[in-house]
Amino acid sequence: MGIIFQLLFTGLGIGAVYALVALGFVLIYRATNVVNFAQGQFAMLGGYGMVITTVTLGLPYWLGILITLALMAVVGAIFNLGVYYPLRFRSFLPVVISTIGASILITNLVLALYGPEPTTLPGLTDYPGFSIGPVFFDSQYVAIIVISLILVVLQYVFFEHTLLGKKLQAVSQDKEMASLLGIRVSAMIMLTFVYSAVLGGIAGILVAPILFVSVGLGAQIALKAFAATIIGGFGDVAGAVVGGLTIGVVETLGAYYVSVPYKDAFAFLLLFLFLLLRPQGFFGEKIAEKA
Amino acid sequence: MAVFRPWKLGTASKTMTRRRTNGLGGILLAASFILTASGVARAADDEIEIGMATPLTGPAAESGKYGEWGAELAIAEINGQGGVLGRKLKLVIEDDQTTNPGIVAAFNRLASNPDIAVFLGSVRSTQVHAMDPDVRRVAKPVFIGGTDPNLTHMGNPWFFRCRPNDTYSAKVIADFGVHTLGFKKWALVTSTDAFGSSGNKLLTAELSALGASVVTSQGYANQTPDFTPVVLAIKGSDAEVIGSYFTYEQDLGVFARQLRQLGVRLPWVGSPSITDTAALHLAGPALWGTYGIADFNADSSPEAKRYAEAYQAAHHVPADQFSAWTYDAIHLAAIAIEKAKSTDPKALREAILSIRGYHGAEGTYDFDANGDGLHGYNVVKNDHGKIVFIKRVDFPPP
């Protein structure tokens, strides 16, 4: 019995990271109708930001987090201005290709600046974790799950109970109508990119102590996070979270009870089944295009 | 009989070129490819070119850098001694991107240069398999570090291995674990790629031959972010010891940490990656107390010690097998060219196969008819982060 709880705990921890990156995918999609394939690179940059601030510069961990997240906000703004904004009136495909190009550029810039070597990043705490019965709760996984839950709740409150959140929702639903109502659409989209980059950065900060910091960190997470957004229902915030957690748990249980080498296959089998049987995902509406 | 040569650094760097395939580098590469193909960029007549396909990017980029440094050190030594046949050696490097398509493309770019006499291929068996058809077509000697035994037993006469193959690694892991440590029940953790699969098969056979059993065998796909299912399977078995074949240090680091976090304290005897500099750095205390087999160890011979000191002085990191095999490969290529008195591929092949008793950094080279130069391993222990030599086990060439 202890084994299944251990697997569930680890699956939820990994799934929470997928969920954080998936949230970034969803927010940008809702605001711009575009899939940002550089979302995983935001996570990688978050990991490197922490290495530079806390390991190289020796700053306190909390200060490293603040500086890294501030830098991620800047990255999000630059990304919006450089990658999305010039192509905002073009169709879906050129913008998506632009984000793919940006992801390659970011990866190679990091490679050129910091080299290919993976490096370690200390966890949020030196405390390794605790056991309840046969289940070991790794402190980093606990932090990932707790912080992800807090972020989801804050995001819900922000979108549902603040004026700024409602403006963002209005922009995501109908940009022209939002503009006619006096909402500054470009500012809202800028805010969305900034927030998505920060979310990606948080995912990177949380997962880097487990997976190490390397240029491949983002790609490792992004593919599963993308699958999570589809399973959850593309464009749905709750769906991204549920999708991420589902993938994390399914691949971990599948690996233990069926086959470890086919661990990734379970995640993508789930994706395939959803595309076949419920293409709108957990929470998505069954419509082809947004109004 | 080859003589170990003292080195003189600093003379060869001007003759070395490196080409990367990213961004602007890709454009430059294309330009240099065109120039090379048209003969404009041919090496100077007094240089003998050696092509090297190595990972400069991708998950194995760190070990690729070490391999490059090892080869450069050997080139510097040889050129410092006046070169080969009175000509300097020149290293031409292509990035294999740590992928199979990447190494095929890298090798073909190198092979398009007719001045390249000898090549250094991959340390990863799966990549060597990918290169195989093109190497047969090009028909020039390629030194490899991949340890899948099949690589030199599949009818390709142009592969020459500078590391002991996994027949020996499995023999030594099994022998040490069963006879020295006294464990009969094994848990195996192996990558599902060519290297890991081959290691799994060979180690299972060797353990069976020694009367030991594999109580759980866990394969994993490379770049796995979470090893909890693997660790729990080991924990739930009655294994007394872990045997492993990890391809990438990052995977090994993640596994080692989770293994210890989840309370598994079993002894562990691993393939050479468990002793890598990168693995020691990433896994830290999680690897303390583990045993490994290592084709390179600084304390295994005077030649290995001298090499390790020179490498450390040049790069300020400890030498490991990723740099040692490329270092030896360049020296072996130089010896073969000297013996053959030409760069004719067939003459070089005969010269390489005739090398006996060459004391390299990795061990003593006695090439057999299949192209395997080494026939034994070192057994080492991770003593609080320091790799300590236990013993050298050599087998007679077949």
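These numbers come from a predicted model, not from an experiment.
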A:Ile14 portion near chain B, given a 4.5 angstrom heavy-atom threshold: side chain

Contact origin within A:Ser131 toward chain B - heavy atom pairs under 4.5 Å: neither

Residue part contacting chain B, namely of A:Tyr141, when any heavy atom lies under 4.5 Å: side chain

A:Thr10 versus chain B, the contacting section by heavy-atom distance below 4.5 Å: side chain

Residue A:Phe272 excluded, over 12 heavy atoms near CZ under 6.0 Å: no

Inter-chain contacts: residues 37-46 of chain A against chain B, heavy atoms under 4.5 Å: none

Inter-chain contacts: residues 214-227 of chain B against chain A, heavy atoms under 4.5 Å: B:Gln218, B:Gly219, B:Tyr220, B:Ala221, B:Gln223, B:Thr224, B:Pro225, B:Asp226

Stepwise side chain to side chain contact (heavy atoms under 4.5 Å, CB included) test for A:Ile3 and B:Lys235: CA-CA 10 Å; A:Ile3 287 176; B:Lys235 200 175 179 179; over 6 Å; no

Where B:Gln250 and A:Ser214 come nearest, the two heavy atoms and their spacing: NE2-OG, 3.2 Å

Under 3.5 Å side-chain donor-acceptor pair for B:Thr228 and A:Gln6: no

Among A:Phe136, A:Tyr256, A:Phe212, residue most engaged with chain B (heavy-atom pairs, under 4.5 Å): A:Phe212

Pairs of heavy atoms under 4.5 Å with chain A: top-ranked of B:Ser63, B:Gly253, B:Gly263, B:Gly284: B:Gly253

CD on B:Gln258 to CD1 on A:Ile210, rounded to 0.5 Å: 7.5 Å

Distance in Å, B:Thr57 OG1 paired with A:Asn108 CG, rounded so as to fall on 0.5 Å steps: 8.0 Å

B:Gln261 side chain reached by A:Pro128 side chain, heavy atoms, under 4.5 Å: no

Over 12 non-hydrogen atoms of neighbours within 6.0 angstrom of CG in A:Asp126: no

Separation between OG1 of A:Thr120 and CZ of B:Arg257, rounded to the nearest 0.5 Å: 6.5 Å

Exceeds 12 heavy-atom contacts within 6.0 angstrom, atom CZ of A:Phe137: yes

